[in-house]
Every structure is written in C-alpha cells, then in structure tokens.
Amino acid sequence: MDGADRVDGPNEEHSVKVLVLGGDGFCGWPTALHLSDIGHDVTIIDNLSRRYIDVDLEVESLTPIRPIGERVSVWQELTGKKLSFLHLDLAQEYDRLVTVLLESRPDAVVHFAEQRAAPYSMRSAKAKRYTVDNNVSGTHNLLCAIVETGLDIQVVHLGTMGVYGYGWSGSAPIPEGYLTVKVPTPDGDIDREILHPANPGSVYHMTKTLDQLLFAFYAKNDGLRITDLHQGIVWGTQTPQTALDERLINRFDYDGDYGTVLNRFLMQAAIGHPLTVHGTGGQTRAFIHIKDTVRCIEIAIDNPPSRGEQVKVFNQVTETYRVSELAELISRLTGVEVANLPNPRKEAAENDLNVTRDQFVALGLNPTTLDEGLLEESREIAKKYAHRADYTKIIARSVWNKGMETAPDLMTK
Ligand code: NAD
Ligand code: USQ
C-alpha cells in the first residue's frame with residue numbers, strides 16, 4: 001500500500017472493519033462518518049473522480065467541500081475516531097486493490113464508487129463509454145479481487161430503483177429484486193423466481209443492471225455474500241455527523257447533470273429560480289433522505305446473506321412522489337413559480353410507481369418522511385451558500401437523443 005496516499009488516524013478496536021468505496025461522495029461521505037461514529041473501523045477508498053468531473057463541467061458543489069485529507073483529519077480531531085483514506089481507482093488498479101484487501105482484511109465493503117449521474121452518462125459518446133468502463137470494470141474488479149484473495153468479505157452495493165424501469169408494470173407492486181413468474185411447460189405451468197426484468201432509462205442506469213448480473217454470477221459461482229440496495233433519489237444534505245463542523249459538510253449538487261430533482265428544487269427556491277419541471281412532471285419517482293441512506297447501510301451490514309445464498313436485494317426508498325407534486329409543494333411553501341420545460345430525457349411523461357419496501361422497516365428503519373422541517377433545513381443550507389451558485393449551470397442540457405430541445409437560461413447571474 002502506498003503510504004504517501006494514506007491519511008491514518010489513531011488505532012482503536014472496532015467491531016466491524018469496513019472499506020467504503022466512493023467514500024468521498026454525496027452518499028459515501030456521510031455513510032463513512034456514520035459507520036465510524038457507531039464504532040466501525042472505516043477506510044475510505046476513492047479516486048476523487050467526482051471532484052475532477054466538477055472541474056471539467058466548470059461547476060462546484062453548492063456547499064464548500066473541503067479536501068478529503070482535511071475532512072478525515074477534522075473528523076479524527078473532533079471525535080478521536082479512526083478514519084483512513086486511500087486514493088485508489090477501483091476500475092483501473094486491480095492489483096493494488098487485491099493488495100489492499102489482503103492487507104486490510106475487511107469484514108465488509110460498501111460499494112458506492114460509480115459514475116452516478118444519468119444526464120452525465122448521456123451527454124456524449126465519451127461520457128457513455130467512461131460510465132460503462134468505470135462502473136462495470138469497478139464492480140467486476142471488486143468481485144474478482146475478493147475471490148482471488150479467498151477472503152470472506154461481505155459486499156454491500158448501492159444500486160438504483162431505475163433498474164426496474166418506470167411504468168413497465170403499471171401499478172403492480174415492484175418486488176424487492178425478484179419476481180415469481182409462470183413458465184409454460186408441456187406438463188403445465190411451473191413457478192420460477194427470476195431477477196426482475198431490467199428496463200434501464202439511461203446508460204448510467206444500464207450499468208446498474210449489468211452490475212446485477214455480475215452479482216448473481218459471483219454469488220452462485222463463488223458463494224460471495226452480496227447485498228444490492230436499490231436506492232431511490234437521495235435528498236437532503238446533512239447528517240448529524242456532517243453537521244458537526246462546516247469542514248465536514250456534505251456536497252450539494254445543483255447543476256443540470258449531477259443535481260437531483262428535489263435538491264435542485266430546494267436550491268432553486270432558495271435563489272428565486274423558477275422550478276425546472278421536465279415536461280408535465282407526471283414522472284413518479286422514489287425518494288429517501290440522506291439520514292436514512294446511512295442508516296440503511298448500517299442495517300445491511302448487520303444483516304448479511306449467508307454463503308451460498310442468492311444476492312439479497314432491498315428497495316432502499318421511503319416515499320414516492322410525482323415531480324409535479326414536489327414542485328407544487330415547494331412552490332406553495334416558498335412562492336417560487338413552476339416552469340414546465342421541454343424534457344431533455346427520453347422517459348415516460350407519466351408513470352405509476354408502487355414499490356415494495358418492507359425489509360428495511362422490518363429490520364428497524366424508522367423512515368424519515370418529507371416533512372416541512374427537513375425541507376426547510378435543506379432550503380436554509382441552499383440559502384446560506386446561494387452566493388456560490390452559477391445560474392448558467394442550472395438548466396439540464398444533456399439530452400438523450402440528438403435534436404432534443406432544452407430550455408434557455410431562465411435567470412442570469
Ligand atoms: P457521488 O458521485 O457523489 O459519489 C461517488 C464517489 O465514487 C465519488 O466520490 C467518486 O470520486 C467515486 N468513484 C467513482 N468512480 C470511482 C473509481 N473508479 N474508483 C474509486 N472511486 C470512484 O455519487 P453518490 O450520489 O454519492 O452515489 C453513490 C452511489 O449511490 C452510486 O453508486 C449511485 O449510483 C448510488 N445512488 C445514488 C443516488 C443519489 O440520489 N445520489 C440514488 C440511488 C443510488
Ligand atoms: N427532473 C425534473 N427537473 C429537474 C431534474 C429532474 O423534472 O430539474 C426529473 C427527471 O426528468 C426525472 C426525475 O426528475 O424524471 C428524476 O431525475 P433525477 O435527476 O432526480 O434522478 P435520476 O436521474 O433518476 O438519478 C438519481 C441519481 C442516480 C440514482 C437515481 C435513483 O442521480 O444516481 O440511481 O436517482 S432512481 O431515480 O430511483 O433510479
């Protein structure tokens with residue numbers, strides 16, 4: 001392991017040794033702090049590609065995120081808890097990954113380390129190819145490395161609700177990963193449980209459906225213990241740990257590629273920008289607050305599948321809303337107008353979404369719902385850092401097909 005790349009904290013004995021891949025990102029950073037806070041021995045692995053993509057896109061997190069070395073040392077300074085960082089590219093540095101696993105012998109690996117924006121994955125041939133190469137190679141490298149080391153390491157992966165697609169099954173409930181189907185045979189129908197058919201809506205979402213097949217194979221062939229979390233759109237910014245000090249603040253993406261719908265609306269409301277609804281806003285999507293994301297990961301680590309068991313799939317969502325409902329709610333609370341813009345994406349204008357989400361609740365998740373207090377908390381953060389916003393980055397400009405229209409800038413600054 002390259003010592004120069006590593007920021008080490010004081011040694012303490014912890015119950016579970018966890019590597020958080022992608023631990024510098026929006027979901028990974030608060031998860032790493034949460035797991036450290038509850039006593040796990042956490043090492044963050046990240047190649048900082050998300051920060052470099054911001055440089056390429058000439059945009060920054062609305063909140064001022066500090067360099068990873070500073071983030072880690074501030075956490076240790078404030079809490080006395082061990083947190084380490086290792087700069088490693090999961091998709092490119094296979095041999096180093098094997099060495100890291102052999103040296104650190106983790107109990108669990110939480111895998112967030114993928115290019116996660118659907119619009120970014122559709123913006124150019126280069127971005128499509130990068131997204132597939134990065135995400136599929138990264139996931140495969142991890143699985144292959146675990147087999148090569150012979151270690152029994154639990155994998156918890158962040159997948160997406162988008163693997164199921166939107167509107168495919170009408171209002172029928174989306175199960176947690178597996179669907180029971182009837183297969184016709186000459187002797188009559190037989191029941192079979194299959195992975196829910198994949199129906200991705202972007203190159204990014206497609207990589208998550210490919211991840212699923214990799215997981216199914218390595219669980220079957222090598223007995224790897226894998227949990228795949230089909231997460232909805234994460235909203236909010238802070239968790240109790242990231243709120244401890246401004247130098248620990250979480251990232252807040254608001255731009256047309258990386259900003260997700262609810263956080264974008266909250267930021268737009270904070271600066272008086274019309275709320276950018278794509279089309280009619282009839283798209284129904286699943287949501288989860290960042291505070292619940294970190295808790296779900298803790299629960300997933302505590303409830304691993306056993307060796308030889310099929311991949312465990314949880315739907316990691318707490319609520320579903322239509323985009324227009326969210327826009328109307330925020331408009332009502334703030335007085336900011338709603339703008340119905342041409343949709344840059346190829347997606348159903350309207351869909352129903354009925355998601356089964358029983359497992360996390362049964363295992364102790366107490367869902368955070370979209371109440372006005374939390375909306376206000378996020379809006380306050382957006383207001384505080386509104387001076388950092390670049391208004392020319394707000395409209396979504398990555399289109400799904402050549403020739404699709406996008407809106408002009410609605411406000412300038
Ligand atoms: P993010 O882009 O903020 O974080 C991802 C992190 O992974 C970044 O820090 C990046 O530098 C790192 N990374 C990417 N490729 C890497 C590689 N090859 N090697 C090492 N590090 C690499 O994204 P996020 O919002 O935190 O999402 C994390 C995971 O959760 C993603 O897999 C995403 O698909 C999934 N997810 C996110 C949301 C959401 O709303 N944000 C919803 C559902 C699922
Ligand atoms: N949308 C708007 N206005 C906006 C932004 C988005 O109407 O300003 C619409 C989009 O057209 C889409 C919906 O809102 O219909 C959701 O878009 P999004 O950007 O909030 O979310 P999405 O592209 O689906 O991706 C995000 C994360 C991704 C994760 C996914 C979970 O970036 O990593 O996998 O949410 S899910 O949507 O459940 O698949």
Side-chain angles (χ1 to χ4, degrees), residues 20-31 44-54 61 68 86-93 97 110-122 130-131 133-135 137-139 141-142 157-166 200-202 204-205 207-208 211 229-235 250-251 253-254 256-265 267-268 275-288 290 293 315-317 320-324 326-327 339-341 343-345 347-349 351 353 355 394-396 400:
V20 179
L21 312 182
D24 185 46
F26 169 61
C27 298
W29 173 243
T31 300
I44 290 172
I45 292 186
D46 203 298
N47 67 349
L48 309 183
S49 51
R50 181 67 195 85
R51 292 179 185 248
Y52 303 135
I53 290 175
D54 267 358
S61 161
I68 184 67
L86 183 63
H87 189 295
L88 182 147
D89 188 323
L90 184 64
Q92 304 278 342
E93 297 181 88
L97 176 65
V110 185
H111 175 21
F112 293 99
E114 299 187 73
Q115 191 301 99
R116 70 99 177 130
Y120 183 82
S121 78
M122 301 301 291
Y130 165 71
T131 302
D133 292 349
N134 186 62
N135 294 4
S137 291
T139 298
N141 281 351
L142 173 65
H157 171 254
L158 272 291
T160 177
M161 278 301 297
V163 295
Y164 301 115
Y166 294 105
S202 71
Y204 153 71
H205 286 99
T207 64
K208 296 287 185 180
D211 284 346
L229 305 174
H230 291 173
Q231 187 172 234
I233 301 168
V234 183
W235 70 282
N250 199 13
R251 61 179 306 129
D253 295 307
Y254 68 92
D257 273 6
Y258 277 89
T260 52
V261 65
L262 181 48
N263 275 6
R264 269 164 67 73
F265 287 173
M267 177 273 180
Q268 292 163 1
L275 305 178
T276 55
V277 171
H278 294 162
T280 61
Q283 308 92 318
T284 310
R285 294 292 182 271
F287 292 86
I288 182 165
I290 188 70
T293 291
N315 290 338
Q316 187 163 312
V317 312
T320 59
Y321 288 98
R322 278 189 200 277
V323 167
S324 57
L326 295 175
N340 288 95
L341 306 178
N343 193 343
R345 306 185 184 202
E347 61 185 0
N351 66 284
L353 189 59
V355 187
I394 293 177
I395 297 298
W400 260 234

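Each ligand, and each atom within it, is numbered from 1 in the order the structure gives.
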*Asks:* So for Leu21, does at least one of its heavy atoms come nearer than 4.0 angstrom to any atom of ligand 1?
*Replies:*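 The answer is no: ligand 1 sits nowhere under 4.0 Å from a heavy atom of Leu21.
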*Asks:* Answer yes or no for Lys208: is there a heavy-atom contact with ligand 1 below 4.0 Å?
*Replies:* yes
*Asks:* Nearest non-hydrogen atom to atom 12 (C) of ligand 1 belongs to which of Asp46, Val261, Val110?
*Replies:* Asp46
*Asks:* Contact between Trp235 and ligand 1, counting heavy atoms under 4.0 Å?
*Replies:*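 In this structure, Trp235 fails to qualify as a contact of ligand 1 - no heavy atom is under 4.0 Å.
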*Asks:* Restricting to side-chain hydrogen bond (donor to acceptor under 3.5 Å, both in side chains), what partner residues turn up for His157, sequence neighbours left out?
*Replies:* Glu114, Asp211, Asp228
*Asks:* For ligand 1, is Gly159 a contact, meaning one of its heavy atoms is under 4.0 Å away?
*Replies:*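 Contact present.
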*Asks:* As a test of reading the model: which residues have a non-hydrogen atom less than 4.0 Å away from ligand 2?
*Replies:*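 Contacting ligand 2 under 4.0 Å are Arg116, Ala118, Thr160, Met161, Gly162, Tyr166, Tyr204, His205, Gln231, Gly232, Ile233, Gly259, Thr260, Val261, Arg264, Thr276, Val277, His278, Gln283, Arg285, Val323, Arg345, Glu347.
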*Asks:* Below 3.5 Å, N or O to N or O, backbone or side chain included: is there any such pair between Ser49 and ligand 1?
*Replies:*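 By distance alone, the answer is yes.
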*Asks:* Are Ser137 and ligand 1 in contact, using a heavy-atom cut-off of under 4.0 Å?
*Replies:*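 It does not, in that no heavy atom of Ser137 comes within the 4.0 Å cut-off of ligand 1.
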*Asks:* Find out whether Gln92 and Ser137 are in side-chain contact, i.e. whether some heavy atom of one side chain is under 4.5 Å from a heavy atom of the other.
*Replies:*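 Heavy-atom side-chain distance check fails, nothing below 4.5 Å.
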*Asks:* Nearest 0.5 Å, what's the OH-OG1 distance between Tyr166 and Thr284?
*Replies:* 10.0 Å
*Asks:* Kindly compute the distance separating NE2 (His205) from OG (Ser121), expressed to the nearest 0.5 Å.
*Replies:* 8.0 Å
*Asks:* For ligand 1, which is the ligand I care about here, please tell me if Asp253 has any N or O atom under 3.5 Å from one of the ligand's N or O atoms.
*Replies:*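 Checking ligand 1 against Asp253, no N or O pair falls under 3.5 Å apart.
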*Asks:* So, Tyr120 versus Tyr204, ring centres under 6.0 angstrom or not?
*Replies:* no
